[in-house]
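Okay, structure first, notes after.
Any value given below was found using the heavy atoms of this structure, including those in side chains, with hydrogens, waters and symmetry copies removed.
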Amino acid sequence: MKISRQYISGNGVKWILPFLLFTLLPVMANAQIKFGYCSYDEAMKALPEYATVQNRMSLLESQYGTETKRAEREFNRKYEQFLEGINEFAPAIRQKRQVELQELMEKNVAFRKEAARLLEAAKRDAYLPLKDKVAAVMQKIGAERGYAFILNTDNNACLYIDKAMGEDITLIVKDALNAQ
């Protein structure tokens, strides 16, 4: 059967393209995409440096917590002194002490917010090298095994994974990290 140019141009092309799509679609659907999946958190915890970073973060949290409690105790002490002498203070002294208490409370609130921000930044900075190591190992494993992608299974990110199509590489990643 000979297809002439005249048939391909115009209405013929409209018929050939859908025909080709429907004949190739089952072939393309049978080509499976290979992928891996892994718990990023579990992989990070396999790093020897993880415990060190955890200890540093715990110490930093403890330091900020201690300072916050010290400031709260100081505020409470001054507030109790204020309440004990409220009836004895002249109006100007009472107002001055109220302003001092208000300023102290505002400073404590500001410190708590700043401490939380600094702690979050410290965590982000401390864990970044670990995350980079895990990411580099996952990229290497993904390239070696020919994966189209690797899914992170933490935080219920993947509700369903067909184990016939994907491979759990958590142990492979842990082993590669420990071998470094």
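- Side-chain contact check for Phe111 versus Lys107: every heavy-atom pair is 4.5 Å or farther apart.
- Criterion: ILVMFWY side-chain heavy atoms under 4.5 Å apart, direct or through other members. Under it, Met57 and Met44 are part of a common hydrophobic cluster.
- Side-chain contact between Ile161 and Phe35 is present, with heavy atoms from C-beta onward closer than 4.5 Å.
- In this structure a side-chain-to-backbone donor-acceptor pair under 3.5 Å is missing from Ser62 to Ser58.
- A salt bridge between Glu49 and Lys133 is present, with a side-chain N of the basic residue lying under 4.0 Å from a carboxylate O of the acidic one.
- In this structure, Phe82 CZ and Lys96 NZ are separated by 11.5 Å, a value rounded to the nearest 0.5 Å.
- The environment of Gln95 atom CD is sparse: at most 12 non-hydrogen atoms of other residues, nucleotides or ligands sit within 6.0 angstrom.
- Cys158 and Asn152 get closest at one heavy-atom pair: SG-O, 3.9 Å.
- Applying the 6.0 Å contact sphere to CG of Asp162 captures more than 12 heavy atoms from other residues, nucleotides or ligands.
- Looking at heavy atoms from C-beta onward, Glu103 lies out of side-chain contact with Gln98 at the 4.5 angstrom threshold.
- Here Glu67 pairs with Arg70 in a salt bridge; the nearest charged N to carboxylate O distance falls below 4.0 Å.
- What you find for Met105 and Phe75 is that their closest heavy atoms are CB-CE1, 3.8 Å.
- Looking at Val134 and Leu130, their side chains never come closer than 4.5 Å, going by heavy atoms from C-beta outward.
- At a threshold of 4.5 Å between non-hydrogen side-chain atoms, the residues Glu167 and Ile172 count as touching.
- Leu171 and Leu177 sit in two unconnected hydrophobic clusters of ILVMFWY residues. Membership requires side-chain heavy atoms under 4.5 Å apart, directly or through other members.
- The pair Glu100-Lys78 does not count as a salt bridge, with every side-chain nitrogen at least 4.0 angstrom from each carboxylate oxygen.
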TODO: Dump the intermediate steps for side-chain contact (heavy atoms from CB on, under 4.5 Å) on Glu74 and Arg77, then the final yes or no.
DONE: CA-CA 5 Å; Glu74 179 185 348; Arg77 183 182 50 79; 4.0 Å; yes

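- Side chains of Asp168 and Thr170: a donor-acceptor N/O pair is present below 3.5 angstrom, by distance only.
- Among all heavy-atom pairs drawn from Tyr40 and Asp154, the shortest one is N-OD2, 3.1 Å.
- Looking only at distances, no side-chain donor or acceptor of Thr153 sits under 3.5 Å from a matching main-chain atom of Tyr37.
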- [ ] For Glu72 and Arg112, run side-chain contact (heavy atoms from CB on, under 4.5 Å): C-alpha distance rounded to whole Å, both residues' side-chain angles, the deciding distance at 0.1 Å, then the answer.
- [x] CA-CA 11 Å; Glu72 286 174 6; Arg112 241 186 265 142; 3.4 Å; yes

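- Within the 4.5 Å cutoff, the side chain of Val53 has heavy atoms near those of the Arg56 side chain.
- One finds the CG atom of Leu118 at 8.5 Å from the CG atom of Leu60 (value rounded to the nearest 0.5 Å).
- Side-chain N/O atoms of Gln102 and Glu106 include a donor and acceptor closer than 3.5 Å.
- For the pair Tyr79 and Glu84, the minimum side-chain heavy-atom distance is 4.5 Å or more.
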TODO: List the steps, then state whether side-chain contact (heavy atoms from CB on, under 4.5 Å) holds for Ile33 with Tyr147.
DONE: CA-CA 8 Å; Ile33 294 176; Tyr147 295 139; over 6 Å; no

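- Look at Glu42 and Lys45 and you find no salt bridge, because none of the NZ, NE, NH1 or NH2 atoms lies under 4.0 Å from a carboxylate O.
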